[in-house]
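Chain letters run A, B, ... following the sequence lines, proteins first and then strands; every chain starts at 1.
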Amino acid sequence: MWRWLAVSVLAVNATAQVPSEPDLASGQKLFTSQCALCHGVAGGGGRGPSLTRAKLNHAADDAALREVIKNGIPPEMPGAWQLSAREVANTAAYVKSLGSVPAEPLIGDVSRGARLYEANGCSGCHINGGRGEGFGPELTGIGSKRSAAYLREALRNPAASTPDGFVYVTATTNSGETVRGIRVNEDTFTVQLKDAQGRFHSMSKADLKELRASRKETPMPGYGTRLSSAELEDLVAYLAGLRGKA
Amino acid sequence: MKWLVFSIALGVSAQVPYQRIVEAGKEPGNWLTYSGNYSGHRFSPLTQLTAANVTGLRMKWAHQFPDRRTEVSPIVADGVMYVTGPNSAAALDVRTGRELWSWTRPLPKDYQSIGFGHVNRGPAILDSQLFVTTLDCYLVALDIKSGAERWSVQVADYKPGYSMTVAPLAIRGKVVVGVSGGEAGIRGFVDAYDAPTGKRAWRFHTIPEPGERGHESWATDAWKTGGGSTWVTGSYDPELNLIYWGIGNPSPDWNGDSRPGDNLFTCSFVALDGETGALRWHFQFTPHDTHDWDATHVPVLFDADVRGKRRKLIASANRNAFYYVLDRQSGEFVAGRPYSKQTWAQGLDDRGRPIVNPNTEPSEQGTLLWPNLNGATVWFSPAYSPREGLFYVATREVGSIYYKREADYKPGTFFAGGGENLVPNEEGAGFIRALDAATGEKRWEFPLHSAPWAGVLATAGGLVFSGSDEGNFFALDAHTGKPLWEVQTGGPIAANPISFNIDGKQCVAIAANRVLYVFGL
């Protein structure tokens, strides 16, 4: 009768027991089926951060790591409630072993990246360390949320990976007027958009001729051609170093 | 002294004898059982609200609960609304929502819900008592005038994983209840208690022991931890004196290796004698289930013509995505077909048994399948309109990747043997669907923004009410599915709507997250 995933009591129970000897091979198998989708096959990162780091922000010790795996980190990292306590421990042991795998080397220069960030109008759409405009997602802690490979791809081809809550839509009213913007919310009867000027639009679906959501479109320009590949690496190094509020 | 006039309603007449519940249709201003009547219809005979005036609905009052995601379906009798929460109950003045009394029972510190939230789906009423189940497995009888406890009885021990969230079913002289715990390896049952004293009248084990009918469907000792929870309120036919109850999944949920066989009576409807609890018939929807498709649905009872013959029928839109019509005297399969996207079976054979597709079991590398573990619908109620002959069901169209994992039984822990991951980039869909009740043929559907968690109410005024996970509470035309009215309640709706009168005026009520709203003209 499982029907409601936010079951923290259960999770505490499952992670409290410390099993004796974790099985790395089982952990790796579980990682491939349950985690690789977001963290990459060898934990190199993707939509989720690279886990080939000795120190993880959300997991100061082994118990905390098991907790993160079991409960997830809302809203983007789902909890692995379907794993038994032993399976969680095996997965955690495997994740920990990734810490000795060298992380992808970042060849860019962080301070040049910071200047490119200022020069390319990123602040016009993103808040970073409290500064900028809140049109796109906040970038203050982006380096601990996303891998370098993901960030590189997000700059080259931003439409390839739209984060939740940033789907770009086009709404056409019955009278023919068109509004484009980020879909900030939607229910069965209404939709709320934020346009490029940051204005919110509230629309009733009964008044719309068409509501088209496209995962292929985004207002963020691609920087693959605007920047040289060296500059792109500088910007990636800068973003990867954004680790949240001090 | 106008208030004196109202208080008369609380006099000796405020009693709800069995006969009043049998004839609930004659007093549509009240709502006397979980589903509004014994037949599981969630149908209001009130006709005041119609397509022509429903846009005039306004909030009358609201009641705030301390608990999130309230799933309560209230009872309304003689000017009082009775509500429950986890280990709590209250009586509210139906005119204002002001509390008349409240009751709570402390939850033991070591209690844990294994696989579900801290919820309660509602009370039952009979004579001068209100019946409430608690998470730590007590059935409690409260005096309807004061909330004082008349008796309480321990139904099961919560420590190995039993729990109770179900609204009881009160029949003549008895209160019938079921248990939760299908993810903890319980052995489920349906119990009846003597209403005046709380003494247990009978127990029906949903997992038969050696020597009992159905035990041959368990090849090993797995029956001892075989699951078969009973956490959704059943229906009752007073003429046949049969109780109909839906049985949950076998344990462990997603790994069937340790339990070869059909695993009766999991994922079945059973018909039990009201007097003795003896099994009259059973029908299994999903033999040897490995996807957590409990048959814990409100059974819907109606009579209709089948191939020219009037039949007493029972229907269910099942979690496994098929709609079934059975004969409620014999359990004989009458009709069935899918009502939602499914990829696990080719269809049903002429006895209603699924013809299962190969490679649909959960696996170590993952098996993609529709519907997901929450099913095409779950515990929230369907509605049946005798006026339209339609069966309304809130439908979830979500697929998932099912995994099989090891399963070790330890009392009081999760015993599931796997689980699911969502399909990457799939946005699940939701609908209110209207099916021809006798055949399951789809008549109309109304699309929702996402897969729903709310039940459906139908009314004789030609309306269907339901809610969305984004907080919309809405009315549709019962005949066409056309949307007529909508309000944003501000919280996800995971509850069943009801309808009743305040001072002779028709109202509807729905719980949305922590708040119960009452709307009227």
Novice: Just checking A:K96: does its NZ atom have more than 12 heavy atoms from other residues, nucleotides or ligands closer to it than 6.0 angstrom?
Specialist: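 For A:K96, atom NZ is not crowded (no more than 12 foreign heavy atoms under 6.0 Å).
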
Novice: In Å and rounded to the nearest 0.5 Å, what is the CD1 to OG distance from B:I401 to A:S33?
Specialist: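 Interatomic distance, B:I401 CD1 to A:S33 OG, rounded to 0.5 Å: 10.0 Å.
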
Novice: So what's closer than 4.5 Å to chain A heavy atoms on B:D408: side chain, backbone, both or neither?
Specialist: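 When you check distances to chain A, only side chain atoms of B:D408 fall under 4.5 Å.
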
Novice: Which heavy atom of A:S84 sits nearest to which heavy atom of B:E406, and what is that distance?
Specialist: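 Minimum heavy-atom separation between A:S84 and B:E406: OG-OE2, 3.6 Å.
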
Novice: Heavy-atom pairs under 4.5 Å with chain A - which of B:G366, B:S450, B:G418, B:G375 has more of them than the others?
Specialist: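 Ranked by contacts with chain A, first place is B:G418.
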
Novice: Hey, could you give me the NZ/CD distance between A:K29 and B:E364, rounded to the nearest 0.5 Å?
Specialist: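 Those atoms lie 4.0 Å apart.
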
Novice: Heavy-atom pairs under 4.5 Å with chain A are the metric here; pick the option from B:G227, B:A407, B:G419 that has the most.
Specialist: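 Most pairs with chain A among the choices: B:G419.
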
Novice: Any donor and acceptor pair, going by atom type alone, linking the side chain of A:T188 with main-chain N or O of B:H449 inside 3.5 Å?
Specialist: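 Indeed, once roles are kept as given, a pair shorter than 3.5 Å links the two residues.
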
Novice: Ignoring hydrogens and angles, tell me if any N or O in the side chain of B:Y403 forms a donor-acceptor pair with the backbone of A:Q34 under 3.5 Å.
Specialist: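 Not confirmed, B:Y403 side chain does not pair with A:Q34 backbone.
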
Novice: For B:P483, is it the side chain, the backbone, both, or neither that has a heavy atom closer than 4.5 Å to a heavy atom of chain A?
Specialist: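 The answer is the side chain of B:P483.
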
Novice: If you count every heavy atom of other residues, nucleotides or ligands that lies below 6.0 Å from A:K209 atom NZ, does the total exceed 12?
Specialist: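 Count over threshold, so yes.
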
